[in-house]
Structures are given as structure tokens and as C-alpha cells.
Amino acid sequence: MKFFLDTANLEEIKEASSLGVLRGVTTNPSLVSKEKVALEEQVEKICALVQDYPVSVEVLSTSAREMVAEARRLAGIASNIVIKIPICIEGLKAVYALTNGENKVPCNVTLVFSFNQALLAAIAGAAYVSPFLGRIDDIGGDGVGLVEDIVAIFEKQKMDKTEVIAASIRHPRHVHQVAAAGAHIATVPFSVLKQMAGHPLTDLGIEKFEADWARALEAMNSLPGTEPG
Ligand code: E4P
């Protein structure tokens, strides 16, 4: 499974990149708005930071014609741009137009909350579908179950041109569950990535090793005839 970072924050992207686990970035209008800079400017900087990996950027238009025009404009920013299109009738038309014919633009179909939405998006030509499991859990549904379904049925139907991005991840347990479900990608907030690397017993273990070592040095240094080190 690959990890994408779900953020538009440059510092988070730089730090996550330095960990060696980052394979892409997903943004959305809410995440970009937090950065308080022009969208195009921020997207250009993000794309430069992760040149070898896809960066998803979402359109805000609502008609297929406008979505396609906006997508083509955004895709011109960098060669690693993937266009995020919300699943809906106009969105499907836009995905079909962008992924067929000349000058293809890869699409990540977003705001997916049902298997059928994922199915239509994949058939229309989406390179990625993004089920939002956290938002489903938030209203008492089974977000992981949706990811499991999409992965299993795509596999059964041999639909291998579309990768499943488990999105709206809330905590490390979600990551474990979507990995077990076979999701191709998990897009995670930086806070979740950091939580994944930690464990209270690891912290205690490090503290104990440091304390034991400090005690041993002190004992060695206090032996008669030993120069203080
Ligand atoms: C995915 O691409 C979305 O940006 C994201 O995962 C949405 O998550 P949220 O429910 O935390 O806003």
C-alpha cells in the first residue's frame, strides 16, 4: 500500500518526504483555504516538492464543460497534477472527457460514499477513486466496509486501471483496516502519519535505555582511579 499526505501545507509535505514513506499528495479546497495563499501558487510549490509523485487538486466548477476547462488549466501547472472531480452526473461527463481522446488528464474521483459511485467513476476512466471512510463513520456508517467492498469487487471484476484511495482517514486504526482490506493507497493527515510511528511503550523503552546507560556511565566514572568522562 502507498501513502499519500492529505494536506496543502508545505512544511508537512517536506517533513513527510524526509521520512521516505510519501508517494503522493491529495489536497481539497478546504485544505488549500487553510494556507491562505492563491491556489495556483500553492499547488505549484507542492508539485515541485514531490516532483515524482501525483498531486491531486480539486475543481470547483459544477458543470462538466467548466470542470473540463478548469481541469485543463490546473493540469498546466505541473506534469504531476491529478484532477479531483466530485462524483455526480456532471463529474462523470468531465472524467470521461478528460480521460479519453487527446491530452488525457488523470482524474481522482472524490466524495465517494457508495460502491456504485466508485463503479461508475472507474468505468468512466478515473485513475483513482476516493471513498471518504471517516465521514461515513462520523454519521454512524461503516467506512471500512465500503473500502473493503470496492477493493474486493474491483478485483473480482478485473478492474485494475483504477486505484482505490482510502480517504478521510481519522486515526491509525483506519490505516491498519484499509491496508487489510487491500486499498492501494491511504491518504492520511500528517497527524495520523506521526501517530503511526509512535507507541507509548517505544517512548518508555527509549527513556529506560537512556536512563540505564546514564546510570552505567556514572557508575563507571565513580570507580576508584577512573578519570571523570
Ligand atoms: C481526500 O482526498 C480528502 O482530501 C480528505 O481525505 C477528506 O477528509 P476529511 O473528511 O478529513 O475532510
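The structure displayed is predicted, hence computed values, not measured ones. Counting starts at 1 for both ligands and their atoms, in listed order.
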- Item | Glu148: partners by salt bridge (charged side-chain N to carboxylate O under 4.0 Å, His left out), with sequence neighbours left out | none
- Given Val164, which of Ile150, Leu146, Val112 fulfils the side-chain contact (heavy atoms from CB on, under 4.5 Å) condition? Ile150
- Query: Do Ile153 and Gln157 have side-chain heavy atoms sitting under 4.5 Å apart?
  - Reply: yes
- Only counting residues at least two apart or in another chain, list the ones meeting side-chain hydrogen bond (donor to acceptor under 3.5 Å, both in side chains) with Thr162. none
- Treating Ile, Leu, Val, Met, Phe, Trp and Tyr as nodes and any side-chain heavy-atom pair under 4.5 angstrom as an edge, say whether Val82 and Ile85 lie in one connected cluster. no
Dump all N/O pairs between ligand 1 and the protein below 3.5 Å as a table: atom names plus distance, one pair per row.
residue, atom, partner, partner atom, Å
ligand 1, 2 (O), Lys84, NZ, 2.6
ligand 1, 4 (O), Asp6, OD1, 2.8
ligand 1, 4 (O), Asp6, OD2, 3.4
ligand 1, 4 (O), Asn28, ND2, 2.8
ligand 1, 4 (O), Lys84, NZ, 3.1
ligand 1, 6 (O), Asp6, OD2, 2.7
ligand 1, 6 (O), Ser168, N, 2.7
ligand 1, 10 (O), Arg135, NE, 2.7
ligand 1, 10 (O), Ser168, OG, 2.7
ligand 1, 10 (O), Arg170, NH1, 3.3
ligand 1, 10 (O), Arg170, NH2, 3.4
ligand 1, 11 (O), Arg170, NH1, 2.9
ligand 1, 12 (O), Arg135, NH2, 2.8

- Contacts of type ring pair (Phe, Tyr, Trp, His ring centres under 6.0 Å), residue His174, not counting sequence neighbours: His171
